[in-house]
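Accompanying notes for the structure given below.
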Amino acid sequence: MVPAREALALLRDGNRRFAADVRSHDNLPSRARRIELAAGQAPFAAILGCSDSRVPVEIVFDQGLGDLFVIRVAGNIVAPSQIGSVEFAAEQFGTRLVVVLGHSNCGAVEATLMQLQRPRENQSRNLHSIVDLVRPSVENLLASELKHDMTALMREAVRANIKASVRHLRHGSDIIEHLIQKDGLLIVGAEYSLDTGEVDFFDDSEEGE
């Protein structure tokens, strides 16, 4: 088991390599590593990320086969299946770090803002289910001065959505709350920049809720 803070340092180092275009040859997929992992896995971190094709998690953090337990869904939203996946990683593999990874200019967040400003009656109920989960974290921003600056509004909405997902995971189940309180599980938020390739980890992991 890799302690949460050590796992966080591994992700930071890996992202620095990726952003600098200096990849680790140790993390390149290999036949030997694939065969080794056939017997089992022990990912050192779980990542709840967006499905966006521009944010491939293992590449962004310069990690290899078996290193990360990745959950991807549009808008990095938290629903029961995501909570269950985190429980599974933490209990089954001893993973002690969970990162909610959002990214700049997230399409799901933008779609939610558009829906709040100009509701679409013909939106599919499946897409609407994503919008409904993003909505609570961003709708209050439309009542602020940010509504006059779409760039600033998007930036703040993306971060608000990430932080909401972190809160939902931290308090999503008795199992997760127990692991946080008693077994060193750490859940943090982070934002990936499509422009720079850098991940900004939010320094709020110890904040009270």
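Since we're looking at a predicted model, the values are computed, not measured. Numbering starts at 1 and runs along the sequence shown. All values below were derived from every heavy atom in this structure, side-chain atoms included, with hydrogens, water molecules and symmetry-related copies excluded.
Looking only at atom types and distance, the side chain of Ser173 has a donor-acceptor partner in the side chain of Glu87 under 3.5 Å away. Of the N and O atoms on the side chains of Glu177 and His171, at least one donor lies less than 3.5 Å from an acceptor on the other residue.
Remark: the backbone N or O of Arg135 is not paired with any side-chain donor or acceptor of Thr112 at under 3.5 angstrom. In terms of modelled atom types and a separation under 3.5 Å, the side chain of Gln63 and the main chain of Phe61 share a donor-acceptor contact. Side-chain atoms of Ser144 do not come within 3.5 Å of backbone N or O of Asn140 as any donor-acceptor pair. Within the 3.5 Å criterion, the main-chain N or O of Asp52 finds a donor-acceptor partner in the side chain of Arg72. In terms of modelled atom types and a separation under 3.5 Å, the side chain of Asp149 and the main chain of Leu146 share no donor-acceptor contact.
Side chains of Ile162 and Arg167 form no contact here, defined as non-hydrogen atoms less than 4.5 Å apart. Between Leu101 and Asn76, the closest side-chain pair of non-hydrogen atoms is not below 4.5 Å. Side chains of Phe202 and Val188 form no contact here, defined as non-hydrogen atoms less than 4.5 Å apart. Side-chain contact between Leu116 and Val138 is present, with at least one heavy-atom pair separated by less than 4.5 Å. A 4.5 Å side-chain heavy-atom check between Tyr192 and Glu198 finds every atom pair outside the cut-off. Using a 4.5 Å heavy-atom cutoff, the side chains of Val78 and Ile83 are in contact. Residues Val199 and Val60 have side chains in contact (heavy-atom distance under 4.5 Å, counting atoms from C-beta outward). Side chains of Glu191 and Ser104 form a contact here, defined as non-hydrogen atoms less than 4.5 Å apart.
With sequence neighbours left out, the side-chain hydrogen bond (donor to acceptor under 3.5 Å, both in side chains) criterion links Arg34 to no other residue. Taking the side-chain contact (heavy atoms from CB on, under 4.5 Å) definition, one finds that Leu133 meets it with Ile77, Ala79, sequence neighbours left out. Judged as a side-chain hydrogen bond (donor to acceptor under 3.5 Å, both in side chains), and not counting sequence neighbours, Glu156 has no contacts. Residues passing the salt bridge (Lys or Arg N to Asp or Glu O under 4.0 Å) test with Glu36, sequence neighbours excluded: Arg33. In this structure, the side-chain hydrogen bond (donor to acceptor under 3.5 Å, both in side chains) partners of Asp62, at least two apart in sequence or on a different chain, are Arg17, Arg23. Among residues two or more places apart in sequence or in another chain, the salt bridge (Lys or Arg N to Asp or Glu O under 4.0 Å) test is passed with Arg12 by none.
Atom-to-atom distance recorded for Glu58:CD and Asp67:CG is 8.5 Å, nearest 0.5 angstrom. The CG atom of Leu11 sits 10.5 Å away from the CZ atom of Arg16 when rounded to the nearest 0.5 Å. Taking CD of Glu145 as the reference point, atom NZ of Lys147 lies at 7.0 Å (rounded to 0.5 Å). The distance from the CG atom of Leu65 to the CZ atom of Arg31 is 13.5 Å, given to the nearest 0.5 Å. Rounding to the nearest 0.5 angstrom, the gap separating the CG atom in Asn105 from the CG atom in Asp195 is 7.0 Å. In this structure, the separation between CG on Leu186 and CG on Leu179 is 12.5 Å, given to the nearest 0.5 Å.
Here the two rings, on Phe44 and Phe69, have centers that are 6.0 Å apart or farther.
Hydrophobic cluster membership is shared by Ile130 and Leu113, with clusters built from Ile, Leu, Val, Met, Phe, Trp and Tyr side chains linked at under 4.5 angstrom. The same ILVMFWY cluster, assembled from side-chain heavy atoms under 4.5 Å apart, contains both Met150 and Val158. Follow the hydrophobic side-chain contacts under 4.5 Å out from Leu185 and you never reach Met1; the two are in separate clusters. Under the 4.5 Å side-chain heavy-atom criterion for Ile, Leu, Val, Met, Phe, Trp and Tyr, Ile187 and Phe93 are members of the same hydrophobic cluster. Side-chain heavy atoms closer than 4.5 Å link hydrophobic residues (I, L, V, M, F, W, Y) into clusters, and following such links, even through other members, never connects Val57 to Leu37.
Closest non-hydrogen pair, Ser137 versus Ala164, comes out as CB-CB, 3.6 Å. Here the closest non-hydrogen pair linking Asp183 and Arg96 is O-NE, 3.0 Å. Scanning both residues, Val109 and Ala157, for their nearest heavy atoms gives CG1-CB, 3.6 Å. When all heavy atoms of Gly75 and Asn161 are compared, the closest pair comes out as O-ND2, 2.9 Å. Between Ala108 and Ala74, the shortest heavy-atom distance links the atoms CB-C, 4.2 Å.
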inquiry  = One pair to check against side-chain contact (heavy atoms from CB on, under 4.5 Å): Cys50 and Val55. What are the steps and the verdict?
reply    = CA-CA 7 Å; Cys50 183; Val55 195; 5.8 Å; no
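Within a 6.0 Å radius of CG in Asp174, no more than 12 heavy atoms belonging to other residues, nucleotides or ligands are found.
For the side chain to side chain contact (heavy atoms under 4.5 Å, CB included) with Ser85, the qualifying choice from Val73, Leu48, Ile71 is Ile71, the only one to do so.
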